[in-house]
Amino acid sequence: MILYHGSYVAVEKPDLCHSRLNVDFGQGFYVTPLHEQAVKWCSKFKRRGKDALVSKYLFEDDHAEGLKILKFDAYSEEWLDFILTCRRGQDTTDYDLVIGGVANDKVFNTVELYFDGLIDKKEAINRLRFQEPNLQICFRTEKALALLSFEGSEMI
């Protein structure tokens with residue numbers, strides 16, 4: 001499977017030490033199978049006058065059977081709970097990979113309303129069902145990262 005990562009540099013050797021805390025699926029290296037999604041991730045760097053590059057990887061998913069994987073097929077209560085747990089820095093799970101929808105700007109607004117207690121979980125899920133999920137994959141362990149092979153990068 002081909003995966004993409006948007007950044008201001010080519011990331012030839014992904015690691016976990018440069019990842020941010022308290023994001024959607026916890027600390028890890030984030031990629032997507034959607035090239036246009038990676039390009040969108042780069043837009044913030046271009047707005048700041050930096051370079052924008054999309055790195056491309058081959059993921060040897062046929063070797064992933066030994067990994068502990070959490071996959072969300074749609075926005076759901078479980079997805080919402082997991083996102084909020086990770087963003088609060090309270091995730092204690094040991095997943096190697098987490099796969100699911102991106103909390104983009106539109107989705108993030110709904111998540112924030114729920115997070116702040118302004119809407120309940122039922123209303124949040126009701127609003128999210130109208131959003132078309134983009135896909136992100138978070139590589140959370142070195143074991144998982146070992147299955148990624150850098151294939152090159154392109155300037156956006």
Side-chain angles (χ1 to χ4, degrees), residues 1-9 11 14-57 59 61 64 67-148 156:
M1 169 189 304
I2 300 296
L3 299 172
Y4 304 96
H5 174 79
S7 184
Y8 60 92
V9 295
V11 182
D15 62 47
L16 301 174
C17 64
H18 288 96
S19 59
R20 295 180 311 169
L21 300 172
N22 307 338
V23 289
D24 288 359
F25 296 152
Q27 187 171 12
F29 183 70
Y30 284 77
V31 294
T32 178
L34 306 169
H35 184 267
E36 60 273 4
Q37 180 65 35
V39 170
K40 286 180 187 175
W41 288 344
C42 288
S43 63
K44 67 181 175 183
F45 303 116
K46 287 189 85 130
R47 284 192 304 270
R48 296 177 189 156
K50 294 184 177 185
D51 289 339
L53 290 97
V54 171
S55 296
K56 179 179 174 182
Y57 306 90
F59 173 46
D61 54 337
L67 298 179
K68 188 171 180 184
I69 300 171
L70 175 61
K71 184 175 183 187
F72 299 101
D73 292 319
Y75 295 128
S76 64
E77 287 189 28
E78 294 78 19
W79 174 88
L80 184 60
D81 288 341
F82 191 76
I83 292 271
L84 293 177
T85 298
C86 290
R87 287 188 173 199
R88 288 179 176 145
Q90 298 172 339
D91 177 43
T92 58
T93 61
D94 62 348
Y95 293 107
D96 297 299
L97 288 175
V98 180
I99 304 166
V102 175
N104 60 24
D105 291 343
K106 291 178 185 175
V107 172
F108 183 74
N109 289 341
T110 298
V111 170
E112 282 294 299
L113 289 170
Y114 172 67
F115 192 77
D116 292 341
L118 299 174
I119 60 174
D120 64 16
K121 187 182 291 183
K122 183 178 177 182
E123 177 61 23
I125 297 302
N126 186 46
R127 290 180 184 200
L128 290 172
R129 71 185 171 128
F130 296 109
Q131 299 299 321
E132 182 69 30
N134 284 318
L135 188 61
Q136 64 184 350
I137 302 171
C138 180
F139 285 73
R140 295 172 25 134
T141 63
E142 295 295 335
K143 181 179 177 181
L145 280 176
L147 301 177
L148 276 183
I156 301 300

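A pairwise comparison of heavy atoms in Thr110 and Ala124 identifies CG2-O, 3.6 Å as the closest pair. Contact detail for Cys42 and Ser7: the closest heavy-atom pair is SG-N, 3.6 Å. Smallest separation of non-hydrogen atoms from Asp15 and Phe29: O-CB, 4.2 Å.
The backbone N or O of Gly101 lies less than 3.5 Å from a partner atom in the side chain of Trp79, making a donor-acceptor pair. Between the Thr32 side chain and the Leu135 main chain, a donor and an acceptor come within less than 3.5 Å of each other. A distance-only check finds no donor-acceptor pair linking the side chain of Asp116 to the backbone of Leu118 [under 3.5 Å].
Distance check: Lys121 NZ to Leu80 CG gives 6.5 Å after rounding to the nearest 0.5 Å. If you take CH2 on Trp41 and CD on Gln136, they are separated by 5.5 Å, rounding to the nearest 0.5 Å. Rounding to the nearest 0.5 angstrom, the gap separating the CD1 atom in Ile99 from the CG atom in Leu70 is 8.5 Å. The distance from atom CG of Leu97 to atom CG of Leu145, rounded to the nearest 0.5 Å, is 8.5 Å. Interatomic distance, Asp120 CG to Leu113 CG, rounded to the nearest 0.5 Å: 11.5 Å. To the nearest 0.5 Å, atoms CD1 (Ile69) and NZ (Lys71) are separated by 9.0 Å.
The number of heavy atoms from other shown groups lying within 6.0 Å of CZ (Arg20) does not exceed 12. No more than 12 heavy atoms of other residues, nucleotides or ligands shown are found within 6.0 angstrom of OH on Tyr8.
Taking 4.5 Å as the limit, every side-chain heavy atom of Ile137 sits out of range of all side-chain heavy atoms of Phe59. The closest side-chain heavy-atom distance from Val23 to Arg87 is not below 4.5 Å. For the pair Leu3 and Leu148, the minimum side-chain heavy-atom distance is below 4.5 Å. With a 4.5 Å cut-off on side-chain heavy atoms, Val11 and His18 do not count as touching. Under the 4.5 Å side-chain criterion, counting only non-hydrogen atoms from C-beta, Leu16 is not in contact with Gln27. A heavy-atom distance below 4.5 Å is not found between the side chains of Lys68 and Arg140. Using a 4.5 Å heavy-atom threshold, the side chains of His35 and Ile2 count as separate. Proximity of His5 to Phe139: side-chain heavy atoms (C-beta onward) are nowhere separated by under 4.5 Å.
Ring geometry, Phe25 versus Phe82: the interplanar angle falls from 30° to 60°, so the pair is classed tilted.
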Side chain to side chain contact (heavy atoms under 4.5 Å, CB included) assessment of Ile119 paired with Arg127: CA-CA 10 Å; Ile119 60 174; Arg127 290 180 184 200; 4.0 Å; yes
Verdict with reasoning, Val54 to Val39, per side chain to side chain contact (heavy atoms under 4.5 Å, CB included): CA-CA 7 Å; Val54 171; Val39 170; 4.0 Å; yes
Working for side chain to side chain contact (heavy atoms under 4.5 Å, CB included), residues Val98 and Thr93: CA-CA 11 Å; Val98 180; Thr93 61; over 6 Å; no
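Remark: the Thr141 side chain and the Asp96 side chain contain an N/O donor-acceptor pair separated by less than 3.5 Å.
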